[in-house]
Amino acid sequence: MNKNYLFPHRFRIVGWVLAVAAVAAVFILKNWFFNMPSLYYDGFLDDEVEDGFFRMARSGILTLAMPLFTIGLIFIGFSKEKVEDEFVHHLREQSLVWATYVTAALFILATLFIAGLAYTYVPYLVFFVFLILFIVKFRIELHQANKGGDR
C-alpha cells in the first residue's frame, strides 16, 4: 500500500503567496498590535490584564505571520511535482535527511554560542530553518537532475 502524503501541485503557488505575504506583513506592519483571545496569558509586560486562562492578550503581527509562513513553507516543500516519480521521491527523502542533519548542527552551535535573551528566538527559528534548508536543497538537487549535470 503506497500512501502519498504530498499536497497537489497547485498548493505550491498558494504556499508562495502565503510565505511572501507573511514576510511582507512583518516588515510593513511591524508596529501593529491587536487583542486576540488566548488559551493562557501570563500577563508578562502587561499590567492591565491579569494572568490566567481564556484571556484577551495583546499580540503583534508575528502572531499571525508565523503560522502563515509555516503553512506556506509546508505547501512549498511538500507539494507534488508535475512528474512525481521514484527518483523525485528519492531526492525529496535525501533532502529531508540532509536538512535534518544541518538543522541539528546549527541548533547545537546556536545553543553553545548564543546566550541570554537572544537564545529565546533560537527554538522558534529551528523549524523555519529546517523547512527552508529542505526546500533549497530539494530544488537544487531537482534542478541539477533535470539539467543532467553532475553534483
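On a predicted model such as this, the values are computed, not experimentally measured, just so you know.
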Interatomic spacing from [atom1] in [X] to [atom2] in [Y] - rounded to 0.5 Å:
X   : Y    : atom1 : atom2 : value
F87 : L91  : CZ    : CG    : 4.0 Å
L62 : Y124 : CG    : OH    : 10.5 Å
M56 : S38  : CE    : OG    : 8.0 Å

Common cluster, [X]/[Y], ILVMFWY with side-chain heavy-atom separation under 4.5 Å:
X    : Y    : result
I74  : L96  : yes
L106 : V122 : no
F33  : I61  : no
F127 : F138 : yes
V102 : V126 : no

Can you name the side-chain contact (heavy atoms from CB on, under 4.5 Å) partners of [X], sequence neighbours left out?
X    : value
Y40  : D42, D51, F53
F34  : W32, M36, S59, T63, L64
I135 : L73, I76, R139

For residues 107-115, dump all side-chain donor-acceptor pairs below 3.5 Å to protein atoms at least two apart in sequence or in another chain.
residue, atom, partner, partner atom, Å
T111, OG1, F107, O, 2.8
T111, OG1, Y119, OH, 3.0

Whether R92 side chain and F78 backbone form a donor-acceptor pair below 3.5 Å: no
Considering only heavy atoms from C-beta outward, does the side chain of T100 approach that of L133 to under 4.5 Å?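 No; the side chains remain at least 4.5 Å from each other.
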Evaluate the criterion side-chain contact (heavy atoms from CB on, under 4.5 Å) for residue pair F130 and L125; output intermediate values, then yes/no. CA-CA 9 Å; F130 169 73; L125 297 175; over 6 Å; no
Where V88 and D85 come nearest, the two heavy atoms and their spacing: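 Heavy atoms of V88 and D85 come nearest at N-OD1, 3.0 Å.
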Donor-acceptor pairs are to be reported for all side-chain atoms of residues 24-31 against protein atoms at under 3.5 Å, with residues two or more places apart or in another chain.
none

Taking atom types as modelled, is there a side-chain donor on Q94 or H90 under 3.5 Å from an acceptor on the other?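 Their side chains do contain a donor-acceptor pair, which is all the 3.5 Å distance test asks for.
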Side-chain polar contacts of residues 6-23 - donor-acceptor pairs under 3.5 angstrom, sequence neighbours left out - could you list them?
residue, atom, partner, partner atom, Å
H9, ND1, K80, O, 2.8
R12, NH2, S79, O, 3.4
R12, NH2, E81, OE2, 2.5

